[in-house]
Amino acid sequence: MRRTTRYPVKGPNSLWHVYKTVPFWKVVRNFTVIQLARYTPFLSMKNWMYRRLLGMKVGEQTSFALMVMLDVMFPEKIKVGRNTVIGYNTTLLAHEYLIREYRLGDIVIGDEVMIGANTTVLPGVEIGDGAIVSAGTLVHKDVPAGAFAGGNPMKIIYTKEQMAERNQKDPLREKQ
């Protein structure tokens, strides 16, 4: 179960109430920063923008590929560890606006995580240290540390132990 907080709304759908939940000018500022960062090839500048201008926690040597789309309304709810790679065109959502409610939840991505291109991470999800998420995955639940996950719906393909066993057989991997 994802860790989200639910907020019921009355009347029109929750997106109709968006500026009651988040200030308009915050969204404008966040949108501008995110769009600039999506196209900049300078990883350290991108991380600086995310930390200083959006209030995100981003670890050292983390790489956000081109076109990564962060949550425009609540980017401060996203935490990414050190030496992590977020693949091209990935979307990180800390909110869900539904018909009768909206939900908010933190996204916590650990250290040395690899997230493949075109992945969507939903609110309230934690991806553990050393995990790998294959391209095109809808991350709708937690990914344990060291696991390999993928698909839609997402499934754990290999556990940490199975990955260690596979890596022992790989001549390109360092023996640990």
**Q.** Full working for side-chain contact (heavy atoms from CB on, under 4.5 Å) between Phe64 and Val58
**A.** CA-CA 10 Å; Phe64 289 86; Val58 178; 3.8 Å; yes
Decide yes or no for [X] and [Y]: does some side-chain heavy atom of the first lie under 4.5 Å from some side-chain heavy atom of the second?
X      : Y      : value
Ile34  : Thr32  : no
Val9   : Trp16  : no
His17  : Tyr97  : no
Lys79  : Ile109 : no
Asp111 : Asn83  : no
Ile78  : Tyr50  : no
Tyr88  : Val68  : no
Met163 : Ile132 : yes

Between [X] and [Y] (side chain of the first, backbone of the second, donor and acceptor by atom type, cut-off under 3.5 Å), is there such a pair?
X     : Y      : result
Thr84 : Glu112 : yes
Thr90 : Gly87  : yes
Thr62 : Val80  : no
Asn30 : Leu54  : no
Ser14 : Arg100 : no
Asp71 : Ala94  : yes

Q) Of all residues at least two apart in sequence or in a different chain, which pass the salt bridge (Lys or Arg N to Asp or Glu O under 4.0 Å) check with Glu60? A) Arg51
Q: Identify, with sequence neighbours excluded, every residue that meets salt bridge (Lys or Arg N to Asp or Glu O under 4.0 Å) alongside Asp106.
A: Lys77
Is it the case that one hydrophobic cluster holds both [X] and [Y], taking links as side-chain heavy atoms less than 4.5 Å apart, direct or via other members?
X     : Y     : value
Leu43 : Leu66 : no
Val33 : Val28 : yes
Phe42 : Trp48 : yes
Leu36 : Val72 : yes
Leu53 : Val22 : yes

Would you tabulate the side-chain donor-acceptor contacts of residues 115-124 under 3.5 Å, counting partners in other chains and residues two or more places apart, or write 'none'?
{"from": "Asn118", "atom 1": "OD1", "to": "Asn89", "atom 2": "ND2", "distance (Å)": "2.8"}
{"from": "Thr119", "atom 1": "OG1", "to": "Gly116", "atom 2": "O", "distance (Å)": "2.9"}
{"from": "Thr119", "atom 1": "OG1", "to": "Ser134", "atom 2": "O", "distance (Å)": "3.3"}

Would you find more than 12 non-hydrogen atoms of other residues, nucleotides or ligands less than 6.0 Å from [X] atom [atom1]?
X      : atom1 : answer
Arg29  : CZ    : yes
Glu165 : CD    : no
Met67  : CE    : yes

Nearest heavy-atom neighbours spanning [X] and [Y]:
X      : Y      : result
Gly151 : Thr137 : N-OG1, 3.3 Å
Ile127 : Ala131 : CG2-CB, 3.8 Å
Val113 : Gly128 : CG2-O, 3.2 Å
Val27  : Met73  : CG2-CG, 4.1 Å

Q: If the plane angle is over 60° it's perpendicular, under 30° parallel, otherwise tilted; pick one for Tyr7 and Tyr102.
A: parallel
Q.
Applying side-chain contact (heavy atoms from CB on, under 4.5 Å) to Met154 and Val143, what does each step give before you reach the verdict?
A. CA-CA 9 Å; Met154 185 194 82; Val143 178; 3.7 Å; yes
Q | Full working for side-chain contact (heavy atoms from CB on, under 4.5 Å) between Leu92 and Met69 | A | CA-CA 6 Å; Leu92 304 176; Met69 187 64 197; over 6 Å; no
(Q) Could you work out, with ring-ring contact (aromatic ring centres under 6.0 Å, His included) as the rule, every residue matching Phe74, not counting sequence neighbours? (A) none
Q: Kindly compute the distance separating OG1 (Thr4) from CZ (Arg6), expressed to the nearest 0.5 Å.
A: 7.0 Å
Q. Any salt bridge between Arg2 and Glu96, counting N to O under 4.0 Å?
A. yes
Q: Sort and list the pairs that fulfil side chain to side chain donor-acceptor pair (under 3.5 Å) and have at least one residue in residues 140-163, not counting sequence neighbours.
A: Arg3-Asp142, Tyr158-Arg166, Thr159-Glu161, Thr159-Gln162
Q. Taking only residues at least two apart or on different chains, which pairs with a member in residues 16-26 satisfy salt bridge (charged side-chain N to carboxylate O under 4.0 Å, His left out)?
A. Lys26-Glu76
